[in-house]
Amino acid sequence: ALTLQKTINDYHLAHTVGVADSDIDPTGVRSHLALGPMPLDDYVKDQFLMIAGQMAPFLLVLSFLYSVSQLAKRPVEEKEQRLREGTMIMGLGKAAFFSSWLFIYYFQMFITSIVMAIIAKVGITKRSEER
């Protein structure tokens, strides 16, 4: 595989870049070639991105705080008020009961995730692409 890669490199240098075969010796050392880093812009410190990078985990936790607190609070309230037993006595099936929980919390987490993705796209990633 290494021999094939060398052959492809030599072909590319000879036909595309215009390096003569005499400049490429059999050991693979290219005597007349100089390597240098790609030209890149200077690094620019952006104050907004420095602050946003530190605040992003905190804001992510805060965004899910309400949903998770409700997920912990509602089952406790439900047990205190014996709502599950009451709905089961009235004929509600277990599948309907648990799928209602799934739907409620899936919907809450989905909406929270979409809002956070929009905020990240509009706020943070837009600013990260500017130069």
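Excluded from the calculations below are hydrogen atoms, water molecules and symmetry mates; all remaining heavy atoms, backbone and side chain alike, are included. What you see is a predicted model, and the numbers here were worked out from it, not measured in a lab.
In the hydrophobic cluster analysis, where Ile, Leu, Val, Met, Phe, Trp and Tyr join through side-chain heavy atoms closer than 4.5 angstrom, Ile89 is grouped apart from Leu83. Put simply, Tyr106 and Phe103 are part of two different groups of oily side chains (I, L, V, M, F, W, Y) that touch within less than 4.5 Å, one to the next. With hydrophobic clusters built from ILVMFWY side chains whose heavy atoms lie under 4.5 angstrom apart, Phe98 shares a cluster with Leu71. Put simply, Phe58 and Tyr66 are part of two different groups of oily side chains (I, L, V, M, F, W, Y) that touch within less than 4.5 Å, one to the next.
Ring geometry for Trp101 versus Phe97: interplanar angle over 60°, hence perpendicular rather than tilted (30 to 60°).
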The test is side chain to side chain contact (heavy atoms under 4.5 Å, CB included); show your working for Ile104 and Arg74 and say whether it passes. CA-CA 11 Å; Ile104 288 170; Arg74 286 199 178 151; 3.9 Å; yes
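Counting non-hydrogen atoms of neighbouring residues, nucleotides and ligands closer than 6.0 angstrom, the CZ atom of Arg82 reaches no more than 12 such neighbours.
With sequence neighbours excluded, the residues satisfying side chain to side chain contact (heavy atoms under 4.5 Å, CB included) with Leu60 are Ser63, Phe64, Met116. Taking Leu65 as the reference, Leu62 meet the side chain to side chain contact (heavy atoms under 4.5 Å, CB included) condition, with sequence neighbours excluded.
Inter-residue side-chain proximity for Val68 and Gln108 is flagged as unmet; no heavy-atom pair is nearer than 4.5 Å.
Atoms CE and CD, on Met88 and Glu85 in that order, are 8.5 Å from each other to the nearest 0.5 Å. In this structure, OG1 in Thr112 is found 10.0 Å from CZ in Phe107, a value given to the nearest 0.5 Å.
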